Amino acid sequence: MAARIEHLVTSGTFSLDGGTWDVDNNVWIVGDDSEAIVIDAAHDADAIAEAVGDRRLIAIVCTHAHNDHIDAAPELAARTGAPVLLHPDDLSLWKQTHPDRAPDAELTDGQGLSVAGVELTVLHTPGHAPGAVCLYAPALTALFSGDTLFAGGPGATGRSYSHFPTIVESIRDRLLTLPTDTVVHTGHGDTTSIAAEAPHLQEWIDRGF
């Protein structure tokens with residue numbers, strides 16, 4: 001059976017720099033009836049495990065290490081045996097949430113992850129976080145952008161470990177160069193597309209989004 005994209009929304013909190021906010025997170029599952037990859041194991045390991053079902057979970061991919069994107073990753077890994085993958089530049093952030101449990105393997109720019117006959121390419125897109133990555137799956141006309149790109153603009157850069165010029169460079173050079181029909185599956189909120197976001201790059205720069 002062909003690979004498909006499944007979507008789950010989980011709720012919890014995001015904490016950084018002494019503040020805590022209620023958030024809803026998008027959890028993405030890519031696979032078929034036999035195997036899958038989870039992108040961002042947020043908040044609720046039970047709900048994610050139920051959505052995966054009896055499929056073999058190949059990997060738990062973290063687009064970055066803010067706590068709301070990784071808080072359920074170790075529990076999901078323990079239940080399924082799947083490795084947790086994170087870019088090493090986000091290890092300091094990871095340790096704020098999971099000081100006693102390291103990720104199982106590193107993500108690297110250009111790395112390929114295969115599931116259900118589909119290849120997902122890791123794109124290192126720092127700015128929202130130093131080790132932020134996106135996953136590009138051309139066979140699915142899909143980009144999983146984490147918190148790098150949203151419907152309406154870049155991810156937030158007003159807190160520690162983030163940098164606005166860097167996220168703009170990542171989006172301009174790594175994401176807006178993708179085919180315009182690419183659907184962008186974000187870490188929070190609505191799905192968008194490269195075509196919808198590309199015309200607004202200069203607006204974001206001008207207002208220091």
Side-chain angles (χ1 to χ4, degrees), residues 5 7 14 16-17 21 23-28 30 37 39-40 42 59 61-70 85-94 103 106-114 118-209:
I5 299 168
H7 178 214
F14 164 57
L16 189 66
D17 296 340
W21 301 266
V23 288
D24 296 326
N25 283 62
N26 294 327
V27 179
W28 300 100
V30 181
I37 285 176
I39 301 170
D40 288 342
V61 181
C62 307
T63 61
H64 62 294
H66 285 154
N67 73 288
D68 58 319
H69 290 256
I70 64 168
L85 311 183
L86 178 75
H87 193 283
D89 288 355
D90 258 19
L91 191 57
S92 294
L93 274 169
W94 170 277
E106 296 182 351
L107 293 170
T108 59
D109 185 55
Q111 176 182 352
L113 302 171
S114 296
V118 168
E119 185 89 354
L120 294 88
T121 300
V122 176
L123 306 177
H124 183 211
T125 52
H128 180 70
V133 302
C134 299
L135 298 175
Y136 177 47
L140 299 175
T141 323
L143 176 77
F144 301 91
S145 64
D147 286 3
T148 295
L149 180 62
F150 291 109
T157 53
R159 302 187 182 99
S160 297
Y161 301 95
S162 64
H163 189 239
F164 179 72
T166 301
I167 200 171
V168 166
E169 181 179 355
S170 292
I171 292 170
R172 182 189 64 219
D173 296 347
R174 307 305 307 277
L175 305 187
L176 299 187
T177 54
L178 298 175
T180 57
D181 63 346
T182 301
V183 177
V184 181
H185 301 278
T186 61
H188 306 271
D190 295 335
T191 291
T192 183
S193 68
I194 295 299
E197 303 307 323
H200 303 291
L201 176 65
Q202 192 58 49
E203 296 172 25
W204 304 335
I205 295 171
D206 290 345
R207 68 177 186 255
F209 204 103

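Quick note: residue numbers are just sequence positions, from 1. All of these numbers come straight from a predicted model, not from anything done at the bench. When reading the values below, keep in mind they use all heavy atoms of this one structure, side chains included, and skip hydrogens, waters and symmetry mates.
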message: Are the side chains of Thr182 and Tyr136 in contact, using a 4.5 Å heavy-atom criterion?
response: yes

- prompt: Any side-chain heavy atom of Leu123 sitting closer than 4.5 Å to one from Leu143?
  reply: yes

message: Checking Asp181 against Thr141: is there a side-chain donor and acceptor pair closer than 3.5 Å?
response: no

message: For a 4.5 angstrom cut-off between non-hydrogen side-chain atoms, does Trp204 reach Arg172?
response: no

task: Write down the atom of Phe150, the atom of Gly155, and the distance for their closest heavy-atom approach.
output: CE1-CA, 3.6 Å

task: Determine whether His64 and Leu93 make a side-chain contact, defined as any pair of heavy atoms from C-beta on separated by less than 4.5 Å.
output: no

task: Go through the structure and list residues passing salt bridge (charged side-chain N to carboxylate O under 4.0 Å, His left out) with Asp173, not counting sequence neighbours.
output: none

- prompt: Among all residues two or more places apart in sequence or in another chain, which pass the ring-ring contact (aromatic ring centres under 6.0 Å, His included) test with His87?
  reply: His124

- prompt: Does Ser170 reach the main-chain N or O of Pro126 with its side chain, forming a donor-acceptor pair under 3.5 Å?
  reply: yes

statement: Output for pair (Leu149 CG, Thr186 OG1), nearest 0.5 Å, gives 8.5 Å

query: Rounded to the nearest 0.5 Å, how far apart are CG of Asn26 and CG of Asp147?
result: 9.5 Å

query: Looking at CD of Glu106 and CG of Asp90, how far apart are the two atoms once the value is rounded to the nearest 0.5 Å?
result: 11.5 Å

message: Tell me if a side-chain donor or acceptor on Glu119 pairs with a main-chain N or O of Ala137 at a distance below 3.5 Å.
response: no

query: Looking only at heavy atoms, which two atoms of Ile171 and Pro154 are closest? And how far apart?
result: CD1-CB, 3.6 Å

message: Using side-chain heavy atoms (C-beta onward) and a distance below 4.5 Å, is Asp40 in contact with Asn25?
response: no

task: Using modelled atom types only, decide if a donor and an acceptor are shared between the side chain of Ser145 and the backbone of Thr148 within a distance under 3.5 Å.
output: no

- prompt: Which heavy atom in Leu86 sits nearest to a heavy atom in Pro103, and how many Å separate them?
  reply: CD2-CG, 3.8 Å

message: If you define the side chain from C-beta out and look only at heavy atoms, does anything of Asp109 sit under 4.5 Å from Arg174?
response: yes

task: Provide the closest heavy-atom pair for Ile5 versus Ala142 in the form atom of the first, atom of the second, distance.
output: CD1-CB, 3.8 Å

statement: Tightest non-hydrogen contact, residues Ser160 and Leu16, listed as O-CD2, 4.0 Å

field: Counterpart residues, side-chain contact (heavy atoms from CB on, under 4.5 Å), relative to Thr191 (two or more places apart)
entry: Trp28, Val183, His185

- prompt: Could you give the distance from CG (Leu120) to CD (Gln111), rounded to the nearest 0.5 Å?
  reply: 10.5 Å

- request: Start with the C-alpha gap between Val122 and Leu85, add the side-chain angles, then the distance that decides, and say whether side-chain contact (heavy atoms from CB on, under 4.5 Å) holds.
  value: CA-CA 11 Å; Val122 176; Leu85 311 183; over 6 Å; no

task: Would you confirm whether Asp68, through its side chain, and Phe14, through its main-chain N or O, come within 3.5 Å as a donor-acceptor pair?
output: no

- request: Using atom types as modelled and distance alone, determine if a side-chain donor or acceptor of His188 lies under 3.5 Å from a backbone N or O of Asp24.
  value: yes

field: Leu107 side chain reached by Cys62 side chain, heavy atoms, under 4.5 Å
entry: no

- request: Answer whether the closest heavy-atom distance between the side chains of Ile70 and Trp94 falls below 4.5 Å.
  value: yes

message: Strictly distance-based, threshold 3.5 Å: is any side-chain N or O of Thr180 a donor or acceptor partner for the main-chain N or O of Ala195?
response: no

message: Within this structure, what is the OG-CG distance for the pair Ser162 and Asp17, rounded to the nearest 0.5 Å?
response: 8.0 Å

field: Distance-minimising heavy-atom pair for His128 and Ile167
entry: N-CD1, 3.7 Å

